[in-house]
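Before any comments, here is the structure.
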Amino acid sequence: MKLLRQIVEPRLETLLASKGIEHGMWASALQPSRESDQGDLTLPCFAFASILRQAPQQIADTIANEFPELDCLQSISAVNGYLNFKANPVWLAQQILAGAVHVGDATKNSESASRSVLIEHTSANPNGPFHVGRARNAILGDTLVRLHRLHGDEVRAEYYVDDMGKQVGVLAWALEHLSEEEVNSLLSNRSKPSERWLHKEDHQRVRWYQAAQILRSDSDETKKAEIESEIGRLVHASEHGDQEVLQSFEDAYSPVLEGMLETLGRLGISFSTFTKESKFVVEGTVSQLMETLDNLDIAGTADNGAGYLDLGARGLKGKTEFFFRRGDGSSLYATRDVAYHQWKWGQSNRLINVLGEDHKLQAKQVGMTLEELGSKRPEVLFYSFIKLPEGKMSTRKGNVVFMDDLLEEAHAQAAVVVKELRPDYGDEQIAAIAEAVGTAAVRFNIIKVSPEKGFTFRWEEALAFEAGSAPFIMYSHTRACSISRRASGLDQTPVSVPDIGTMPSGLVELMRLMCCHNDVLEHAVEQQKTHIFALHMLELANAYNGFYRDCHVLNDNLVDGFFYEISELGRSLLRTGLQGLGISPIEQM
RNA sequence: GGGCGUGUAGCACAGCUGGAUAAUGCAUCGGCCUCCUAAGCCGAAGAUCGCGGGUUCGAAUCCUGCCGCGCCCGCCA
């Protein structure tokens with residue numbers, strides 16, 4: 001709790017300095033209490049024992065006794081060698097009424113000024129519909145974007161379009177060479193595409209891609225060689241900036257990308273800018289880069305003329321050669337990525353990438369190369385892949401859960417629940433609530449776990465609507481909205497902070513969490529840990545429910561002024577927090 | 001084989017810049033709708049923190065050796 005810390009820390013510094021203990025040795029030890037009934041801030045005194053030659057408990061006792069009395073503190077206690085500072089609920093209430101908890105712009109609560117951030121996420125190959133495996137990137141990335149914005153940062157959300165690789169090459173080749181009949185016959189033993197998505201090009205064109213992949217692996221050798229050489233010619237041409245080929249690629253993938261973006265839009269995910277990979281080839285920055293790399297002292301050349309950097313000389317373990325140029329002189333994906341990052345550093349002074357764990361080595365190589373060139377490394381948020389209970393997902397093999405299907409299913413299941421719980425709602429209202437709840441449940445299911453953890457997608461978990469899920473938070477918000485609606489126009493008692501003895505636990509707990517709200521947001525944004533904020537939102541909702549239980553805002557058509565203020569702040573924090581998680585803060589459900 | 005990550009109640013998951021009785025949800029068992037929406041609230045039970053060593057006043061957290069799982073180790077993207 002920063003609010004409290006700002007007051008307590010300087011006093012503590014003076015007091016401890018008089019005993020010969022410097023600020024530096026305990027500043028990081030002063031932290032939020034683990035048990036909330038013990039206090040709000042805790043200082044372990046064990047480390048002082050050897051300096052003062054006293055038992056930790058004795059030291060804690062002494063400090064507790066000598067610490068000045070402050071309005072902000074309800075109590076200072078010394079337990080088992082820990083010094084616990086407990087905030088005075090009356091003071092918390094006064095802080096809240098005075099507007100100390102800023103909603104929607106935590107930077108007002110922090111010394112760090114507003115910064116500009118460029119967050120690149122998703123950047124999926126536009127070769128087929130979005131599936132759940134890819135979704136972790138998009139949901140994680142978009143949540144990061146939203147939380148940074150909530151924090152007050154200026155954020156640019158960027159999608160790097162892979163418009164010249166083999167994947168797009170295969171798609172373009174297939175669209176040109178395969179008829180619908182051929183595709184259907186090649187895919188005849190696979191499950192038919194859903195009728196529902198006939199209008200979406202991503203679902204249509206992926207079949208050409210899959211059919212081509214079958215031909216590439218199952219044809220006879222002559223046919224295989226013929227296909228490979230044709231695709232190779234296209235890819236090669238694209239890598240040399242051939243405008244005609246690049247245009248044919250774009251014609252092939254654009255409708256797919258559009259379909260993918262439509263799906264993402266349903267999840268509330270959108271981008272500020274799209275940057276095409278080919279840009280750096282066409283503009284010549286990649287070839288300039290390769291020349292520069294050639295002149296580095298760790299550069300080497302293979303027998304066939306291929307260029308590489310010996311990153312082992314800079315401490316990279318395992319495979320030490322990082323190839324940036326093929327024998328034929330063309331660039332590689334990673335080379336273009338280096339050029340892309342150099343360009344990105346010209347766009348923003350903080351770069352964050354969201355990448356799958358399979359990109360770890362590549363990201364390291366790119367990062368080291370950037371440093372070799374005098375640039376900085378971007379910050380990277382890695383995540384583990386989402387698996388199905390049956391195994392890994394793959395667009396090529398076709399064993400995927402499409403995001404479109406998941407969202408339909410989420411909507412349908414949510415609709416069943418709404419209908420059951422609110423039989424008086426009309427169809428339109430049910431549909432609107434089901435859409436918000438369904439998409440929220442899907443997002444939250446992914447956001448609430450830490451990204452490096454392996455994740456197995458299970459329907460029953462994604463669509464759980466109980467405590468610990470997005471609808472739990474949404475529900476608390478609707479309670480606050482309901483109170484807000486009912487209170488408007490009614491008479492109100494004067495807003496005054498109640499006596500400390502009359503404050504129920506539900507009220508105190510909520511006020512405490514409110515006063516930590518922006519601390520948590522700042523922490524989440526600085527550490528790129530979206531799940532910390534997601535879990536905090538669950539706690540906030542839980543605390544609001546406790547307040548709702550203990551404190552009645554409305555009593556016989558008279559509004560309690562103070563409770564109303566608390567409820568309204570709760571409503572704002574819940575609303576903006578939900579938006580920060582990409583969840584639609586509906587007012588009724 | 002090498003590199004990176006991960007292993008916490010039946011299941012899922014938080015805590016990991018060392019600190020108090022390891023937090024939370026699901027499932028299980030019990031209680032609460034004449035009272036602002038019960039998608040809620042209150043309570044009970046459930047954990048050799050993968051296994052073995054080490055460092056420390058103190059280890060789920062740091063070091064080390066095993067074991068399981070995941071990802072990577074292309075002049076692919």
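Atoms considered below: every heavy atom in the structure, side chains included; atoms not considered: hydrogens, waters and symmetry mates. Here is the naming used below: chain letters follow the sequence lines, and residue numbers restart at 1 for every chain.
Nucleotide C33(B) carries a syn base; the chi torsion (O4'-C1'-N9-C4 or O4'-C1'-N1-C2) is within 90° of 0.
Note on N555(A): nothing from the nucleic acid sits closer than 4.0 angstrom, heavy atoms only. Contact annotation for Q588(A): base contact, defined as any heavy-atom pair under 4.0 Å involving a base atom. Here Q527(A) lies out of heavy-atom contact (under 4.0 Å) with every strand. Base contact: A302(A) has a heavy atom under 4.0 Å from a base atom. Counting any heavy atom pair closer than 4.0 Å across all strands shown, D303(A) reaches no nucleic acid atom. At a threshold of 4.0 angstrom between heavy atoms, the contacts of V418(A) include nucleobase atoms, whether or not backbone atoms are also involved. Residue-level contact check: S450(A) touches the backbone only, with heavy atoms under 4.0 Å from sugar-phosphate atoms and none from bases. In this structure, G454(A) reaches the sugar-phosphate backbone alone: every heavy-atom distance under 4.0 Å involves primed, P, OP1 or OP2 atoms, never a base. Within the nucleic acid shown, V449(A) comes within 4.0 Å of sugar-phosphate atoms alone, with no base atom in reach, counting heavy atoms only.
Checking C75(B), C4(B), C36(B) against the side-chain heavy atoms of K317(A) singles out C4(B) as nearest. Comparing C36(B), G40(B), G15(B) by their nearest atom to the side chain of R479(A) picks out G40(B). When distances are taken from the side chain of P471(A) to each of A39(B), U6(B), A77(B), the shortest belongs to A39(B).
Put simply, H552(A) does not rest on the base of C35(B): the two rings are not both less than 5.5 Å apart at their centres and under 30° in tilt.
Classification of the W459(A)-F457(A) ring pair by plane angle, with boundaries at 30° and 60°, yields perpendicular.
Under the Watson-Crick or G-U wobble criterion, with both distances below 3.5 Å, G43(B) is paired with C29(B). Using N1 to N3 plus N6-O4 or O6-N4 for Watson-Crick, or N1-O2 and O6-N3 for G-U wobble, each under 3.5 Å, U21(B) pairs with nothing. Under the Watson-Crick or G-U wobble criterion, with both distances below 3.5 Å, C75(B) has no partner in any strand shown. Pair assignment for G68(B): U6(B), on the basis of Watson-Crick or G-U wobble contacts that are both within less than 3.5 Å.
Contact annotation: K319(A) reaches the phosphate of C75(B) (side-chain N/O to OP1 or OP2, under 4.0 Å). For the pair R549(A) and C42(B), the criterion of a side-chain N or O lying under 4.0 Å from OP1 or OP2 is met. The phosphate of C41(B) has OP1 or OP2 within less than 4.0 Å of a side-chain N or O from N545(A). Note on N542(A): a side-chain N or O is less than 4.0 Å away from OP1 or OP2 of C41(B). Between R486(A) and C35(B), a side-chain N or O to OP1/OP2 separation shorter than 4.0 Å is absent. A close approach under 4.0 Å does occur between a side-chain nitrogen or oxygen of R336(A) and OP1 or OP2 of A77(B). In terms of phosphate contacts, S330(A) brings no side-chain nitrogen or oxygen within less than 4.0 Å of OP1 or OP2 of C75(B). Distances shorter than 4.0 Å separate none of the side-chain N or O atoms of K529(A) from OP1 or OP2 on A14(B). A close approach under 4.0 Å does occur between a side-chain nitrogen or oxygen of Y548(A) and OP1 or OP2 of A38(B).
Side-chain to base pairing of D328(A) with C75(B): no donor and acceptor N or O lie closer than 3.5 Å to each other. Evaluation of atom-type donor-acceptor distances gives no pair under 3.5 Å for the side chain of E277(A) against the base of A77(B).
Looking at K360(A) and E357(A), no side-chain N of the basic residue comes within less than 4.0 Å of a carboxylate O on the acidic one, giving no salt bridge. Salt bridge D40(A)/R5(A): absent, no basic N to carboxylate O contact under 4.0 Å.
Put simply, CE on M474(A) is 13 Å from P on G40(B), counting in whole angstrom units. Atom CZ of R216(A) is separated from atom C1' of A77(B) by 11 Å (rounded to the nearest Å).
Between A440(A) and M474(A), the closest heavy-atom pair is CB-SD, 3.7 Å.
Between H531(A) and F444(A), a ring centre-to-centre spacing not shorter than 6.0 Å is recorded.
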